[in-house]
Asker: 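Structure incoming, see below.
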Amino acid sequence: MNDAQPLLVMEGITKTFPGVLALQDASLRVGQGEVHALIGQNGAGKSTLIKILTGAYRRDRGTVRLAGQEVDFHSPQAAQRGGISTIYQEVNLVGFRSVAENVFLGREPRRGLFIDWRAMNAEARRLLERFGVRVDVTRPLASYSVAVQQMVAIARAVSFQSRLVIMDEPTSSLDDREVETLFGVIRQLKGDGVGVVFVSHRLDELYAVCDRVTIMRDGRTVDERAMGDISKLELVAKMLGKEIGEVRREGETAFERTGPPGETLLDARHLRTGPALKDASLNVRAGEIVGLAGLLGSGRSETARAIFGADDLTGGELRVNGAPARFRSPAGAIARGIGFCSEDRKTEGIIPHMTVRENLTLALLPALARSGIVDAARQAEIVDRFIAQLGIKTAGPDQKIRELSGGNQQKVLLARWLCLNPELLILDEPTRGIDVGAKAEIQRLLSELAREGLGVLMISSELEELAEGSNRVVVLREGRTVTELSREELTQDRIMAAMAQDPSPLAVTGAPEGGARG
Ligand code: ADP
Ligand code: MG
């Protein structure tokens, strides 16, 4: 933090709602050019604190100083004029207006009485190009992905010459590459001396991009630290109001649980493929969604690849429907009823220039073309059935898949596997990079499929998705299974606690396990 003159100082902030003390003597300090993480459990008071800062709520008590000046914004517009912009998770712009209009909504450049379209478009283009976003700024905003829309919201914020930009869970609907772009933008803002407040539950991201962190609990600010001075374990412990040792123990609750009797589709024991995957064990039964959690580098995707035969096992064993299996390639796994939707929809999943029909039946083609000629009638029948069954929004089977929204592309990929009638489907980040509505739809679809007997192994970085969408969650850390949480034990906090343990000088007990953070 720039000690000379902090950009923002909020002190002694108290706020009550009828019957609820939402904030009690809370504080927040952000330096110029500082990226500041604001974390806490649901209900800790983060949003209320931000809304007080941005004039959406009035405080009962406390002071807010911006660059040394005491301020009291009565509305978000007033805060914006004062240099504070907020970007919410749900993009709050006007879909049918052009990208450029959205950047300048309410303060369009004018020549006399008229909007200066040319200047507006050029300026919008310039702002977006700074962030590496090249789009036709005259097209409606709604024709672009949520990620682009979010970038437009940020460009808008920047065009206000903001001194402080607040991002409330900005990454929840972005895919990995889009997150990287956003981080690039954040670093640019930082370079320009802009302060950024970043609200996120993703520990990886906080450590990747933030300089300092404020931790809130029950309406109070419980700690403020440099990001590099606090271990993940301590961060989570502070957030939950527990001792580090307690969080560590909860994270370690004995693995080696055996599930209730039922048909076990997949039983993986002590899988090892290399340094990234040392010892992973899990099982999946019919009709069950098993979540697989872990931080970046914990070995989640490697576990999926090992099960699917994409990487060779150097240790451990795999049983499918009770019989030993050793896949030399994905083809072997597919033949045993396993499907795998990989994480990177754009590079490994869809083939952009091919049609919905071709993409959907890609894995089925060998079966459809037994004699070397594709059975077109049967192909058409299958494609139509899945488009209807999964509610895929497309102009028709001949439409190029790249023209579909992310959510609908993802459904085509699901259909690609479902038309093979798998018993077990492995999904790596099934809802990453798609909007909130499509997300809910895919989650609903998965639980329906599970009710019909499909076994699902779901890798996800979304704690909420894991806690609410899984029957059990297996947690990996540094290439090893460390915990399994049953339905009764399943909360976002417990998943996070299990993921967060890392060797740290601040940890009280336990032998260091070696290996780097993250
Ligand atoms: P967070 O963003 O950290 O999840 P919030 O600031 O949303 O937490 O909520 C803090 C507390 O204030 C919670 O107990 C919440 O229920 C309460 N609260 C927030 N907004 C309102 C409101 N408009 N009316 C009543 N209670 C509210
Ligand atoms: Mg909130």
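Order of listing sets the numbers, starting from 1, for every ligand and every atom in it.
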Asker: Any chance you could lay out the side chain to side chain contact (heavy atoms under 4.5 Å, CB included) test for Met227 and Asp211, step after step, and finish with the verdict?
Answerer: CA-CA 5 Å; Met227 208 71 227; Asp211 304 308; 5.9 Å; no

Asker: Looking just at side-chain N and O atoms, do Asp60 and Thr16 make a donor-acceptor pair shorter than 3.5 Å?
Answerer: yes

Asker: I'd like to know if Glu462 and Arg432 make a salt bridge, using a cut-off of under 4.0 Å between side-chain N and carboxylate O.
Answerer: no

Asker: Tell me, please, if Ser47 has any N/O/S atom, main chain or side chain, under 2.8 Å from the Mg ion (ligand 2)?
Answerer: yes

Asker: Can you find a side-chain donor-acceptor pair between Asn283 and Arg472 that sits under 3.5 Å?
Answerer: yes

Asker: Write out the protein residues near ligand 1, meaning a non-hydrogen atom under 4.0 Å from one of its atoms, in order of chain and number.
Answerer: Phe17, Val20, Ala22, Gln41, Asn42, Gly43, Ala44, Gly45, Lys46, Ser47, Thr48, Tyr57

Asker: Have Asp136 and Thr138 got a donor and an acceptor in their side chains that come within less than 3.5 Å?
Answerer: yes

Asker: Salt-bridged, Arg130 to Asp192, with N to O below 4.0 Å?
Answerer: yes

